[in-house]
**Q** 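Let me give you the structure first, and then I'll get to my questions.
Since the model is a prediction, treat every value here as computed from it, not as a measurement.
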Amino acid sequence: MHAFDVVGDPVRRRILELLAGGERSSGDVTAIVRTEFGISQPAVSQHLKVLRDNGFAVVRAERTRRLYAVDSAPLQEMDAWLERFRRSWTPRLDALATEIARGKRAHRTHQDDPGSET
């Protein structure tokens, strides 16, 4: 499965968000995801398995609990792939931000001008 297919699923993205805060038990992840998405425990387990099988999560056993954590290597690979595109869109986004700021200044100046018609 391609990395973007793995993180393309909203349930798996949410699980990664939860794990980004630190190691969590499978029971903790399952309880949160079941509440937020209304899916079954086996469905959450399957999403955890996809994350684990594709290298996005690691699991370790602690007595009877399974503790999951993010493995950042696939995310770093995705970020490196996106970097070539970021170089082209960053200047455009910066230019857009500049134009938005100019528009806000012009709008404020127009509103502050007592002779203007608003």
**Q** Can you tell me how far CG of Asp71 sits from CG of Leu51, rounded to the nearest 0.5 angstrom?
**A**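 It comes to 11.0 Å.
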**Q** Taking all non-hydrogen atoms of both residues, which atom of Ala20 and which atom of Val70 are closest, and how far apart?
**A**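 Smallest heavy-atom distance, with atoms named: N-CG2, 3.7 Å.
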**Q** Within the 4.5 Å heavy-atom criterion, are Trp81 and Gln76 side-chain neighbours or not?
**A**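 Contact flag for Trp81/Gln76 side chains = no.
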**Q** If you count every heavy atom of other residues, nucleotides or ligands that lies below 6.0 Å from Arg60 atom CZ, does the total exceed 12?
**A**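 It does: Arg60 CZ has more than 12 such atoms within range.
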**Q** Fit a plane to each ring of His2 and Phe4, take the angle between them on a 0 to 90° scale, and name the class: parallel (under 30°), tilted (30 to 60°) or perpendicular (over 60°).
**A**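 Parallel: the ring planes of His2 and Phe4 meet at under 30°.
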**Q** A side-chain contact here means heavy atoms from C-beta on lying under 4.5 Å apart; do Leu48 and Ser26 qualify?
**A**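 The answer is yes, as the side chains (C-beta and beyond) meet within the 4.5 Å cut-off.
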**Q** Considering all heavy atoms of both residues, which atom of Ile32 and which atom of Arg14 are nearest to each other, and what is their separation?
**A**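 Where Ile32 meets Arg14 most closely, the heavy atoms are CG2-NH2, 4.1 Å.
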**Q** Whether the side chain of Ser88 engages the backbone of Arg84 through a donor-acceptor N/O pair (distance < 3.5 Å, no angle test) should be reported.
**A**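 Checked: no pair found.
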**Q** Write down the atom of Gly55, the atom of Pro74, and the distance for their closest heavy-atom approach.
**A**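 The answer is O-CG, 3.1 Å.
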**Q** Could you tell me the separation between the CZ atom of Arg87 and the CG atom of Leu82, rounded to the nearest 0.5 Å?
**A**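 Rounded to the nearest 0.5 Å, the CZ-CG separation comes out at 11.5 Å.
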**Q** Say whether, by atom type as modelled, one donor and one acceptor occur between the side chain of Arg34 and the main chain of Ser40 under 3.5 angstrom.
**A**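 Checking the backbone N and O of Ser40 against the side chain of Arg34, no donor-acceptor pair under 3.5 Å is found.
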**Q** What's the shortest heavy-atom distance between Phe56 and Ala3, and which atoms?
**A**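 Answer, listing the atom of Phe56 first, then Ala3: CZ-CB, 3.8 Å.
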**Q** Does Leu75 offer a backbone N or O that forms a donor-acceptor pair with the side chain of Asp79 under 3.5 Å?
**A**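 Side chain of Asp79 to backbone of Leu75, a donor-acceptor pair under 3.5 Å: no, none is there.
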**Q** Any chain of hydrophobic side-chain contacts (each under 4.5 Å) joining Leu18 to Val58?
**A**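 Different hydrophobic clusters.
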**Q** Over all heavy atoms of both residues, which pair between Arg12 and Asp5 is shortest? Give the atoms and the distance, please.
**A**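 Between these two residues, the closest heavy atoms are NH2-O, 3.4 Å.
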**Q** Between the main-chain N or O of Val7 and the side-chain N or O of Arg13, is there a donor-acceptor pair closer than 3.5 Å?
**A**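 Yes.
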**Q** So, do Val33 and Val11 sit near enough that their side-chain heavy atoms are less than 4.5 Å apart?
**A**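 Counting from C-beta outward, Val33 and Val11 do come under 4.5 Å.
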**Q** Find the distance between CD (Gln46) and CG (Asp53) and round it off to the nearest 0.5 Å.
**A**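 Going from CD on Gln46 over to CG on Asp53, the span is 8.0 Å.
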**Q** Just checking, any donor-acceptor pair under 3.5 angstrom between side chains of Arg52 and Tyr68?
**A**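 There is such a pair (donor and acceptor under 3.5 Å, judged by atom type) between the side chains of Arg52 and Tyr68.
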**Q** Atom CD of Glu62 and atom CZ of Arg65: how far apart are they, to the nearest 0.5 Å?
**A**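 Interatomic distance, Glu62 CD to Arg65 CZ, rounded to 0.5 Å: 5.0 Å.
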**Q** Without swapping roles, check the side chain of Arg24 against the backbone of Leu67 for a donor-acceptor pair under 3.5 Å.
**A**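 A pair under 3.5 Å: no.
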**Q** Rounded to the nearest 0.5 Å, how far does OG of Ser72 lie from CD of Glu77?
**A**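 So the gap between those two atoms works out to 10.0 Å.
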